[in-house]
Amino acid sequence: MMLSSQFTNNFLNTMRQRSVIVLASIASTSAWAPAFGTSRYVGINRAMASLKAAAMPPLTTHFEQHLPLARDAMKFIDDSPDPFHVVQTARRALDEFGFKEWKDDDDDALEPGGMYYFTRNKSTLVAFCVGKNYQPGKGFKIIGSHTDSPNLKVKPRSKRTTSKLGGPSGVIQLGVECYGGGLWHTWFDRDLGVSGRVFVNDESTGKIRQELVKIDHAILRIPNLAIHLQTAKERESFSYNKEDHLSPILASAVKDSLTGSSEEKETPDNTSGDNGWSKHQEPLLVQMLATKLGVMTENIVDFELNLFDVQPASLGGVRSEFIHSARLDNLASCFLSLKGLLEHVEEGGVEIDDDISMIAMFDHEEVGSSSATGAGSPIIADAVKRISHALGAGQNEPILYNRAVQNSFVLSVDQAHAVHPNYASKHEKNHGPKLNGGMVIKRNSNQRYATNGITGLVVRELARGAGLPPVQEFVVRNDCGCGSTIGPIISTATGIRAIDLGCPQLSMHSIRETMGTKDLTHGLALFKAFFRDFSNVDQRIEQ
């Protein structure tokens, strides 16, 4: 039988790779050197290097310069599986950089050149630095993003069933609720952990404190139904019921691996001060949280928990040109805005600035932003008023405050849809962003996005002045619906001009998404240019 050249090449490459593995195992063990002799040992290393080169020729790539930033972003995302951890991760970076927490009773504590932050509900954060040359009436340069992503949240009553034997399946499950518009089919057969915050009754102080928890090993799983048990129609559509089919497995009811016992331990129902909460919780979950936090189970009085994929973010593509990760929407934007503000300070931008540079990371964007910690709350409007007042342009100087609003600008940064190679027809043919092609301006004439002619021009000029590639444009097809984000909400609440833009990505709202490594570099450069050059660009454009 004749073998094709393709088959022959594949076979030879496979044999080369196997030879590399064998030689590598020999050469990496120093005990083999005397047996082979020094010259033979050196010869093995040379042969191994030669075979490696033949099996995988080196790729020269310009993506290498973008990888340090990509790895920093991946770590930020891995450390931040929920909004509480996002804020905690950002706070640590700000504290290390010398930012001070601005408390609610510190109204007179601001000064030019100062760096501050405050939080709300531990899930929303605002950080800002006051230019050394600030004068009342100067504007706010704001980058807004959001800390939340679609996920499965543990229900207030986490116990799925009252049966100690787990019902007919013999397993213990958790009750979960869908948060946001996730692609829920991607959550099946994934290794899932739990994170969030836990409320602990501190008996020594008589107070209830908050503890963040992150259990990043595969304690939960939502199993698919075997193909043999599905009808032809079910196989074709992959239909599932969000209430019945998304409940994850926590443990076996026959013998749980956490206690080594054949009997399930019950969390006490009538602990001191208990209001009936504990009897509705899955005991194994409470025990696991208590063990992780080093507290007694009876001292846990409530929690807010969500599930997350424990697989870390990774580089992908032959040239490492992609990042595959959970929560790119929108933690990529949170990371870039934080990094941009810190580098603005590090590079001396505050020393020559006469404006206020600010980042705002909001919760609840994925469910409409209408909450006390969402972009629809008074957080930004109150922050602008409070900061202006503390710096001399407040209630007693309404004209200066109004002038500050008119001089301000918001970059509403949320991930954008790159053209999907398998579904290119879903995109408007003249407005198709590409991965690694640069930042994307999002437009919608029906005001689903805040971009208009002036705000779009400002960003294009900022990119041009920074030597970046031309900004990409996104418009939905006329026969498709259009999403929205925080830009129109902030503009409506404050009167501040805004634009919606973001890094292009694929698989938005999947449990695992994809973006380009180069686009992180583009985004950071644009944000630094915004903090540095916005006033000069804005003054050149007739309003």
Side-chain angles (χ1 to χ4, degrees), residues 128-131 133-145 333 336-337 340-341 344 347 349-350 352-360 380-381 384 388 393 399-414 416 430-431 433 437-475 485-503 522-543:
F128 60 97
C129 49
V130 184
N133 300 320
Y134 174 83
Q135 295 293 326
K138 289 293 185 177
F140 289 71
K141 299 172 292 192
I142 305 170
I143 301 178
S145 58
S333 302
L336 289 175
S337 65
L341 184 65
H344 176 64
E347 295 171 4
V350 177
I352 60 174
D353 202 354
D354 56 6
D355 293 319
I356 295 172
S357 299
M358 175 183 287
I359 61 173
I380 282 295
V384 171
S388 297
I399 295 178
L400 289 178
Y401 168 73
N402 292 338
R403 186 181 300 163
V405 169
Q406 296 305 311
N407 288 333
S408 298
F409 197 97
V410 175
L411 298 186
S412 164
V413 187
D414 203 351
N430 293 319
H431 299 82
M439 296 295 285
V440 181
I441 293 177
K442 298 185 278 188
R443 299 178 188 265
N444 182 265
S445 60
N446 295 304
Q447 298 302 297
R448 299 291 289 171
Y449 298 129
T451 309
N452 62 26
I454 291 178
T455 60
L457 179 59
V458 167
V459 168
R460 292 205 312 275
E461 285 296 295
L462 286 171
R464 185 183 63 81
L468 292 170
V471 181
Q472 303 187 89
E473 297 272 359
F474 173 77
V475 174
T485 184
I486 63 176
I489 296 171
I490 293 176
S491 281
T492 300
T494 64
I496 297 175
R497 294 170 293 165
I499 183 174
D500 282 297
L501 74 162
C503 296
H522 295 153
L524 179 59
L526 181 63
F527 294 171
K528 290 167 61 177
F530 173 63
F531 287 139
R532 182 184 64 242
D533 301 329
F534 166 73
S535 294
N536 292 333
V537 171
D538 193 41
Q539 290 172 9
R540 291 174 41 227
I541 301 173
E542 180 182 356
Q543 304 295 320

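- With sequence neighbours excluded, the residues that form a side chain to side chain contact (heavy atoms under 4.5 Å, CB included) with V475 are H431, R443.
- Contact check for I143 versus F530: side-chain heavy atoms found under the 4.5 Å cut-off.
- Scanning for side chain to side chain contact (heavy atoms under 4.5 Å, CB included) contacts around E347 gives E343, K528, with sequence neighbours left out.
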message: Would T451 and D500 count as a side chain to side chain donor-acceptor pair (under 3.5 Å) here? Give the steps.
response: CA-CA 6 Å; T451 309; D500 282 297; 5.0 Å; no
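- With H344 as reference, F531 is the one residue of F534, F531, F128 to meet the ring pair (Phe, Tyr, Trp, His ring centres under 6.0 Å) rule.
- Taking 4.5 Å as the limit, every side-chain heavy atom of S145 sits out of range of all side-chain heavy atoms of I359.
- Between I486 and G144, the shortest heavy-atom contact is CD1-C, 3.7 Å.
- Residues R448 and P488 approach most closely at O-CG, 3.4 Å, considering heavy atoms.
- I489 CD1 to T494 OG1: the interatomic distance, rounded to the nearest 0.5 Å, is 11.5 Å.
- Rounding to the nearest 0.5 angstrom, the gap separating the CG atom in D353 from the CZ atom in R532 is 11.5 Å.
- Residues satisfying the ring pair (Phe, Tyr, Trp, His ring centres under 6.0 Å) test with F527, not counting sequence neighbours, are none.
- Contact between V413 and S333 at its shortest, heavy atoms only, is CG1-OG, 3.4 Å.
- If you run side-chain hydrogen bond (donor to acceptor under 3.5 Å, both in side chains) between R497 and each of N452, D538, N407, only D538 comes through.
- With sequence neighbours left out, the salt bridge (Lys or Arg N to Asp or Glu O under 4.0 Å) criterion links D355 to no other residue.
- P470 meets the side chain to side chain contact (heavy atoms under 4.5 Å, CB included) test with no other residue; sequence neighbours excluded.
- Every residue meeting the side-chain hydrogen bond (donor to acceptor under 3.5 Å, both in side chains) condition with T485, not counting sequence neighbours, appears here in chain and number order: E365, D414.
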